[in-house]
Amino acid sequence: QVQLVESGGGLVQAGGSLRLSCAASGSIFSINAMGWYRQAPGKQRELVAAITSGGSTNYADSVKGRFTISRDNAKNTVYLQMNSLKPEDTAVYYCNADVYSDFYNEYLEVWGQGTLVTVSS
């Protein structure tokens, strides 16, 4: 099995910062892309940021300049540094990874359990 464990969510005031972490564990041979999604109340899940194994990044327009995604390949961990948070950033944030499992010998799309980020005004 492969698991993604997220941490770092919480309550923060507008303008504040949080850093989310997501560590993959299990029968992992390699991880291609990793990303962060979020789902706000009453809205569909959306991609926030993604990063390839080589470090190329993509961001939603709404977070460009404020959020930074990074990864530590040695630790199979992806981070999301969130600065200048706004109330509209409030959502459950989910980690996602494309993992090649050396147990199943195939690629798996794995999701974290989600971590709640609440930004108060």
Check this for me: [X], atom [atom1], are more than 12 non-hydrogen atoms of other residues, nucleotides or ligands nearer than 6.0 Å?
X    : atom1 : answer
Q113 : CD    : yes
E106 : CD    : yes
E88  : CD    : yes

Among the clusters formed by ILVMFWY side chains lying less than 4.5 Å apart, do [X] and [Y] turn up in the same one?
X   : Y    : value
I28 : F103 : yes
L11 : L116 : no
I69 : I31  : yes
Y79 : V48  : no

Output the distance between atom [atom1] ([X]) and atom [atom2] ([Y]), rounded to the nearest 0.5 Å.
X    : Y    : atom1 : atom2 : result
Q1   : L108 : CD    : CG    : 8.5 Å
D102 : S27  : CG    : OG    : 5.5 Å
S7   : R19  : OG    : CZ    : 8.5 Å
R71  : T57  : CZ    : OG1   : 11.5 Å
S53  : N73  : OG    : CG    : 7.0 Å
L85  : S120 : CG    : OG    : 10.0 Å

Go through the steps for V117 and L20 under the test side-chain contact (heavy atoms from CB on, under 4.5 Å), then give the verdict. CA-CA 9 Å; V117 172; L20 306 183; 4.1 Å; yes

So which atom in [X] and which in [Y] form the shortest heavy-atom distance, rounded to 0.1 Å?
X   : Y   : answer
P87 : A14 : CD-CB, 4.1 Å
V12 : L18 : CG1-CD1, 3.9 Å
C22 : M34 : O-CE, 4.4 Å
R66 : S84 : NH1-O, 3.0 Å
L4  : A24 : CD2-CB, 3.3 Å

Go through the steps to decide whether K86 and D89 satisfy the test salt bridge (Lys or Arg N to Asp or Glu O under 4.0 Å), and finish with yes or no. CA-CA 5 Å; K86 304 175 181 179; D89 294 319; over 6 Å; no

With heavy-atom distances below 4.5 Å as the criterion, would you say the side chains of [X] and [Y] are in contact?
X   : Y   : value
V92 : Y37 : no
R38 : W36 : no
L47 : Y59 : no

Run through V78, T68, N58, L80 and flag the one making a side chain to side chain contact (heavy atoms under 4.5 Å, CB included) with I51.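 Output: one option passes, namely V78.
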
Where does the angle between the aromatic ring planes of F67 and Y93 fall among parallel (under 30°), tilted (30 to 60°) and perpendicular (over 60°)? tilted

